[in-house]
Amino acid sequence: MRETLAALEAGDIGIEEAESRLAGYATTDAGRFDAARERRRGIPEAILAEGKTPAEVAALATTALDTTGRALVTRADEAAASAVAAAVGDVEADATVDRDDRAGTVVVHAADFEPPSLDAAVAVVAAGTADAAVAGEAAVVAREVGAAVDRVDDVGVANLDRILDQVDRVREADAVVVAAGREGALPTVVAGLVDAPVIAAPVSTGYGVGGEGVAALECALQSCSVLTTVNVDAGFVAGAQAGLIARAVDAARAE
């Protein structure tokens with residue numbers, strides 16, 4: 001606490017960062033940002049843009065940048081992403097802003113931010129192009145935790161040769177996320193071919209009976225291959241879980 005107060009008095013940190021160090025969070029008009037999430041949980045706090053105004057998302061993003069050196073925004077539409085980019089440019093022109101419009105993510109790093117780097121890899125596998133948004137969100141989150149991420153796209157079970165000719169590549173990963181909609185068979189197939197933990201991310205593609213991800217979710221829950229399942233379209237959760245596995249692998253390798 002004395003170090004924080006001394007840094008504040010010297011002007012080395014601002015009020016928001018001092019508050020976040022002492023209380024574990026920073027308070028804004030848009031809500032409270034959990035600046036201690038990564039130290040406590042190993043996963044950076046993400047700002048869910050869905051349900052917030054662009055101004056609120058931007059305010060939380062700049063607070064995240066000020067208190068942790070980076071901001072991770074998910075489910076961001078064009079208005080929210082543009083608001084974040086503009087706000088960041090106003091407060092820290094040298095910060096990098098990485099937008100992925102398909103995944104709906106915005107990642108901001110301060111100029112002096114040092115991203116974590118783990119000695120562990122995560123494969124993010126997508127059954128088809130329609131599943132790329134959820135796969136992309138998972139990949140961004142796993143990468144922000146520090147894992148090396150390998151994207152393997154368009155390997156759905158309509159032609160098993162597509163996954164079979166990529167299976168050696170997937171087997172190199174320490175954790176695997178598989179995003180698939182419709183009947184959601186791909187996670188089960190992959191889990192039967194690799195020895196790493198597999199996380200199924202059901203996607204809300206498909207129509208009629210079992211549509212909107214229901215069949216994909218139920219298929220994953222009933223998998224005869226061992227895997228873990230997250231909720232429909234929960235790319236963030238899948239990526240975070242894979243990132244935690246990567247952290248555990250990295251720690252074991254460092255011993």
Side-chain angles (χ1 to χ4, degrees), residues 1-49 52 56-76 84 87-88 91-92 94-98 105-122 137-149 174-175 177 197 199 230 234-255:
M1 183 169 58
R2 289 180 64 86
E3 290 176 356
T4 298
L5 294 174
L8 178 63
E9 183 180 36
D12 295 333
I13 62 174
I15 291 175
E16 285 188 336
E17 183 170 353
E19 179 190 23
S20 71
R21 288 186 185 184
L22 295 174
Y25 57 85
T27 302
T28 75
D29 291 339
R32 289 194 259 191
F33 176 75
D34 186 357
R37 177 74 60 88
E38 186 168 15
R39 291 195 302 273
R40 187 180 70 250
R41 189 66 183 90
I43 306 165
E45 166 80 296
I47 300 161
L48 176 65
K52 298 181 179 73
E56 289 170 337
V57 177
L60 287 167
T62 54
T63 298
L65 185 64
D66 184 50
T67 56
T68 67
R70 72 168 157 189
L72 170 59
V73 182
T74 62
R75 305 294 174 95
V84 170
V88 168
V91 299
E92 190 167 341
D94 293 334
T96 61
V97 180
D98 184 11
T105 58
V106 183
V107 177
V108 182
H109 287 176
D112 59 353
F113 178 74
E114 296 184 7
S117 179
L118 302 175
D119 182 15
V122 171
E137 186 178 68
V140 167
V141 174
R143 190 176 294 116
E144 285 304 297
V145 174
V149 174
D174 300 295
V177 174
I199 301 160
V230 301
F236 173 85
V237 181
Q241 188 67 17
L244 288 174
I245 293 170
R247 280 172 55 89
V249 170
D250 175 78
R253 286 174 176 162
E255 291 180 353

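Being a predicted model, the structure only gives us computed values, none of them experimental.
A 4.5 Å side-chain heavy-atom check between Val249 and Leu118 finds every atom pair outside the cut-off. Contact of the Asp174 side chain with the Arg253 side chain is registered, since non-hydrogen atoms from C-beta on lie closer than 4.5 Å.
A donor-acceptor pair under 3.5 Å links the side-chain atoms of Thr62 to the main chain of Ala59, judged by distance alone. No donor-acceptor pair closer than 3.5 Å links the side chain of Glu92 to the backbone N or O of Ala110. Under a 3.5 Å cut-off, the side chain of Asp119 and the backbone N or O of Asp250 do not form any donor-acceptor pair.
Nearest approach of Glu45 to Phe33, heavy atoms of both residues: CG-CE1, 3.2 Å. For the pair Val122 and Ala147, the tightest heavy-atom approach, listed with the atom from each and the gap, is CG2-CB, 3.7 Å. Across Val141 and Gly239, no two heavy atoms sit closer than the pair CG1-C, 3.8 Å. In plain terms, the two heavy atoms of Val149 and Ala142 that are nearest each other are CG2-CB, 4.0 Å. Across all non-hydrogen atoms, the minimal contact from Val73 to Ala49 is CG1-CB, 4.0 Å. The two residues Ala120 and Ala246 make their nearest non-hydrogen contact at CB-O, 3.4 Å.
Put simply, CZ on Phe113 and OG1 on Thr96 are 9.5 Å apart, with the number rounded to the nearest 0.5 Å. To the nearest 0.5 Å, atoms CZ (Arg32) and OG1 (Thr63) are separated by 13.5 Å. The CG atom of Leu72 lies 10.5 Å from the CG atom of Leu48; values are rounded to the nearest 0.5 Å. In this structure, CG in Asp94 is found 15.0 Å from NE2 in His109, a value given to the nearest 0.5 Å.
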Stepwise side-chain contact (heavy atoms from CB on, under 4.5 Å) check, Leu244 with Val145: CA-CA 8 Å; Leu244 288 174; Val145 174; 5.9 Å; no
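Contact check on Arg143 versus Asp98 returns no salt bridge, with no Lys/Arg side-chain nitrogen under 4.0 Å from an Asp/Glu carboxylate oxygen. With salt bridges taken as basic N to acidic carboxylate O contacts below 4.0 Å, none links Arg41 and Asp34.
Scored by the salt bridge (charged side-chain N to carboxylate O under 4.0 Å, His left out) test, Arg70 finds Glu38, Glu144 as partners (sequence neighbours excluded). Partners of Asp66 under the salt bridge (charged side-chain N to carboxylate O under 4.0 Å, His left out) rule, at least two apart in sequence or in another chain, do not exist in this structure.
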